[in-house]
Amino acid sequence: MTMYVVGHKVPDSDSICGAIAIAYLKNQIGESATPARLGEPSPETQFILDKFGFEAPELKMSYAGEQVYIVDHTEKTQAPDDIDQATVVGVVDHHKLGDLTTSTPLECWIRPVGCSNTIVKMMYDFYNVEIPKDIAGIMMCAILSDTVIFKSPTCTTADIKCVEALAEIAGIEDYKGLGMEMFKVKSAVEGTPVRDLVMRDFKDFNMNGNLVGIGQLEVIDLAVFDDIKDDLAADIAKLKEEGGRHSVLLLLTDIMKEGSEMLIVSDDEGIITKAYEAAPEGGKLWLDGVLSRKKQVVPPLQDAFA
Ligand code: MG
Ligand code: MG
Ligand code: MG
C-alpha cells in the first residue's frame, strides 16, 4: 500500500515541493509513497516546478482508508476533509502544533525552523540519501519562499545553511537572484480575479471555537494593490459571510519595506485592536516589521481570543 504525501489546503510551494521531496526519499528507503496536493499550484509554485522540470503532484482531495504523510500543517481546518478516516503515518511541519490527532503511532518531524523543506533536508541527512539536483532545486526554492529570502523572523541559521547546501547540489550560484525572480512572479497580480488573490495563500484557524481566515499576499511593491484594494476588502467581507467566519484578515505584505497592511473584517474589531495593540482605521491596519503570519500574526490573535 502506498502512502500519500500531502501538504495543506490552498497549497504553497513548501507543501508541494515538500510532498515531492518526501515521497522521493520514502521510495529510496523502501517505503512506497506518492506525492499529492489539495489544490491548484500557485503561479510561484508553477514557476518552481517548470524551472526544475517537475509535473504537479496528483490532485487528490479524499483520503479515507489511505495512509497519509502530512506536510506543512497539523491543523484539521487545513487538512483533507476526511483525514479522520485516514491513517496518518507521519508529519513534517514547522508551525505551531494544531489539533490533528491520530489513533496509531506516527513519525513526527516538527522543528521551529523557517520551512518544512529545511526539515526534509534533515530527513535526507538522517537516512543518508543523496538529494537529486532537481529535488534540491525545488526544496531550495520552497525555503527561499517561506523565509522571504531569509528576511522573515521565522528564518533560522538552519534554513540559511540548508539553502546554501541545496544551491550547491542544484548548481545554482545566485540563489538570491532566483528568489527575487520568484517573488516577481508572485507580485504579478494584474488581471487575476479578486477571489483568486484572496484565496492564493489562505488559511483557516480555529481560535477558541471561532473560525478565523487569514490570507497573505507577499509582493515587492504594495502599489500593485492600489486599484484593487477596495475590491479585496469587499471580497473578504463576502468570504466571511459565506464561511460563517468570525473574522477574515488579508495581509498585504511588502517584502522590501518589510511590513504588512492588514485588511480586516470581523465580528469584533476590538479583538484585533487587543491583539495588535493598535486600532484599525476603515478596516485597515499597517503592521510595521510584520512579515510572518505564523510567528507575528497568528499568536497574538490566538491569545486575544483565549
Ligand atoms: Mg505552507
Ligand atoms: Mg511552510
Ligand atoms: Mg508563507
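In this text, all values refer to a predicted model and were calculated from it rather than measured experimentally. Remember, it's 1-based here, ligands and their atoms both numbered in the order they're listed.
In summary, no N, O or S atom of Asp93 is located under 2.8 Å from the Mg ion (ligand 2). Among the atoms of His94, an N, O or S atom falls under 2.8 Å from the Mg ion (ligand 2). Metal site remark for the Mg ion (ligand 2): Asp146 contributes an N, O or S atom at a distance under 2.8 Å. In summary, no N, O or S atom of His73 is located under 2.8 Å from the Mg ion (ligand 1).
Atoms CG and NZ, from Asp81 and Lys9 in turn, are 3.5 Å apart once rounded to the nearest 0.5 Å. Interatomic distance, Lys257 NZ to Asp221 CG, rounded to the nearest 0.5 Å: 5.5 Å.
Between Asp14 atom OD2 and Asp72 atom OD1, the angle centred on the Mg ion (ligand 2) amounts to 80° (nearest 10°).
For Asp12, the N, O or S atom with the smallest separation from the Mg ion (ligand 1) is OD2.
Note: Tyr127 and Trp109 have tilted aromatic rings, judged against thresholds of 30 and 60 degrees for the angle between ring planes.
In this structure, Arg245 does not pair ionically with Asp267, as no charged nitrogen and carboxylate oxygen lie closer than 4.0 Å.
For Asp72 and Ser116, the side-chain atoms include at least one donor-acceptor pair closer than 3.5 Å.
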